[in-house]
Amino acid sequence: MSSYTFPAVAETPDAEANTVYTISSGDLRLAANTKCWPTQQQLEGHFAAAVESLGYQVVRAHGINPDTGHGFIDSQRMGMEVFKNIPPTAPVVVVEAVWQYSHHVLAGLRTHRGPILVVANWAGDFPGLVGLLNLTGSLTKAKVDYSALWSEDFTDEWAVGKLKSWLTSGSITHDTSHVRELPPLADTEEVRLGRALAQQLMAEKAIIGVFDEGCMGMYNAIIDDEMLNPLGIYKERLSQSALVAEMLKVPDAEADGVKSWLDEAGLTFHFGTDPARELTPDQVHSQLKMYIAALRISDDYGVDAVGIQYQQGLKDTVPASDLAEGLLNNVQRPPVYSRDGGRELFAGKALPHFNEVDEGVAVDALITNRIWTAMGLDPATTLHDVRWGADYDGEFVWVFEISGSVPASHNGGYDKSYSMRQPEMFFPLGGGTLSGVSKPGEIVWSRVFIMDDRLHVDLGRGHVVELPTEETQRRLDATDSQWPIMHAVLDGVSRDQMMARHKANHAQVVYAPDAGTADKALEAKAAFFAELGVEVHLCGDVAL
């Protein structure tokens with residue numbers, strides 16, 4: 001007789017007929033979950049009413065934590081425990097009115113055998129749409145079948161009809177007719193340029209510096225080496241603790257010099273005296289040391305692009321990384337020298353920074369930087385959250401927004417940019433943004449993502465419009481007023497087409513001086529990706 005201890009076999013709960021089980025993934029930060037909980041409750045009420053109107057009942061698969069006062073799944077362990085009590089074949093809906101950490105629920109969704117739906121409210125005040133896009137992008141990478149749906153309050157005919165389809169069939173079909181595969185390319189100068197640059201990358205190779213992977217549970221933002229290396233791209237895995245250590249070595253006088261440069265360039269700092277709620281000079285001083293430290297470490301390792309996680313790693317240690325990130329992405333920026341003062345680092349160049357260590361953007365920004373530079377264009381790139389949007393003057397205008405790391409050239413220069421304190425619920429130690437309203441003009445937008453175990457890229461054209469001051473302020477007030485905003489129109493792509501297709505919360509954006517040049521640059525970019533073996537998809541009105 002053995003003395004082995006065998007595990008008890010857990011009983012599998014049975015699914016109830018006509019019953020939908022809901023869960024809500026949240027943040028890791030208590031302050032964010034607490035502040036966002038009332039908005040989440042409102043969305044869950046609207047969604048439950050819609051489900052019940054169609055003859056089904058809703059069972060919330062987890063309750064409110066009496067210690068925290070909210071009902072979010074706020075850790076990966078909690079997510080695993082919640083799924084133990086969900087019938088494995090039952091319909092499951094992830095209801096999101098807020099930003100969420102996808103890894104909290106990915107383990108349960110990855111093994112769930114019933115139909116899965118991810119829903120969000122169409123609102124700007126809390127980033128539920130951003131959370132939905134990150135989770136669906138993560139599920140796409142994980143090869144998990146799912147459907148997605150969005151609505152202001154789930155009373156409109158379109159959303160109710162889509163919900164009924166999911167309840168009866170287990171799936172929703174959205175219109176993605178705006179997407180087409182890359183056709184054979186003509187032998188143009190732009191195509192030759194793209195192919196030549198791709199061949200150079202594969203032969204000479206490049207390095208992306210990664211200051212800690214997996215920011216905020218963004219599983220979809222991690223690309224394995226086995227997919228990157230065939231492109232000629234390799235990772236230098238760096239620690240954020242090394243970044244802080246290098247910051248401590250930066251003399252105060254060097255940070256003061258960067259601040260003087262920015263003052264002369266016209267960047268406005270909105271300073272106050274209360275560090276808990278306002279931006280202070282000490283916070284900015286630390287951020288500028290981070291800027292210097294990031295360039296020195298990047299130089300040490302010879303990286304071609306760099307990403308800083310910040311959340312969660314640095315948020316309790318130093319002020320926000322966004323100001324440093326925005327400076328890195330701009331060609332015109334404060335000079336930084338080697339430790340001995342003998343050599344300017346990355347002189348006259350933008351060092352592409354991929355915010356939140358989104359490695360899809362790292363690949364995209366690296367390639368874009370090389371094409372735009374070779375064409376004599378401003379290579380300043382940025383990523384934006386696909387945050388929200390609304391109709392204005394006959395067209396749908398997106399709010400593209402990120403936590404303060406745009407290059408100043410996107411705003412029209414440092415004199416049209418400003419820095420405000422980051423929201424305390426996300427950034428307890430504060431720090432300034434690099435914010436502004438993106439200038440009107442022609443853009444190329446894109447997204448590199450993983451689908452079916454391969455790298456793909458969506459490429460599209462668009463333009464940035466100038467809205468009246470009061471409309472811009474309304475949109476800022478409806479989202480995060482401290483952050484940079486872009487009024488983006490995606491040519492030939494509707495609101496719902498973008499939501500149905502986009503495989504991440506981020507989109508990369510780069511300007512071109514005019515529509516004709518944007519078309520040529522996009523053609524070169526498509527050729528570059530195709531030469532690397534990446535699956536290229538054209539979205540909307542693209543002149544190819």
Keeping the roles fixed (side chain from [X], backbone from [Y]), state whether a donor-acceptor pair exists under 3.5 Å.
{"X": "Asn411", "Y": "Gly413", "value": "no"}
{"X": "Asn134", "Y": "Ser138", "value": "no"}
{"X": "Ser435", "Y": "Gln482", "value": "yes"}
{"X": "His456", "Y": "Met451", "value": "yes"}
{"X": "Gln309", "Y": "Gln312", "value": "yes"}
{"X": "Glu401", "Y": "Ile485", "value": "no"}

[X] and [Y]: which non-hydrogen atoms are nearest, and at how many Å?
{"X": "Gly209", "Y": "Leu238", "answer": "CA-CD1, 4.1 Å"}
{"X": "Met420", "Y": "Ser481", "answer": "SD-O, 4.2 Å"}
{"X": "Ser405", "Y": "Thr382", "answer": "O-OG1, 3.6 Å"}
{"X": "Glu254", "Y": "Arg296", "answer": "OE1-NH2, 2.5 Å"}
{"X": "His502", "Y": "Leu133", "answer": "O-CD2, 3.7 Å"}
{"X": "Ala206", "Y": "Arg370", "answer": "CB-NH2, 3.7 Å"}

Parallel, tilted or perpendicular for [X] and [Y], by the 30°/60° rule?
{"X": "Trp261", "Y": "Tyr414", "value": "perpendicular"}
{"X": "His104", "Y": "Tyr101", "value": "parallel"}
{"X": "Trp483", "Y": "Phe427", "value": "perpendicular"}
{"X": "His410", "Y": "Tyr511", "value": "perpendicular"}

Problem set entry | Flag for Thr368-Gln508: side-chain donor and acceptor within less than 3.5 Å | yes
Exercise. Does one side chain, of Thr433 or Asp322, offer a donor that lies under 3.5 Å from an acceptor on the other?
Worked result: no
Problem set entry | Tyr234 side chain reached by Lys205 side chain, heavy atoms, under 4.5 Å | yes
Exercise. Taking NZ, NE, NH1 and NH2 as the nitrogens, is one of them in Arg447 or Asp358 under 4.0 Å from a carboxylate oxygen of the other?
Worked result: yes
Seminar exercise, completed: To the nearest 0.5 Å, atom CD of Glu236 lies from atom CZ of Phe211 at 10.0 Å
Problem set entry | From Asp252, Leu243, Val318, residue fulfilling side-chain contact (heavy atoms from CB on, under 4.5 Å) relative to Lys289 | Asp252
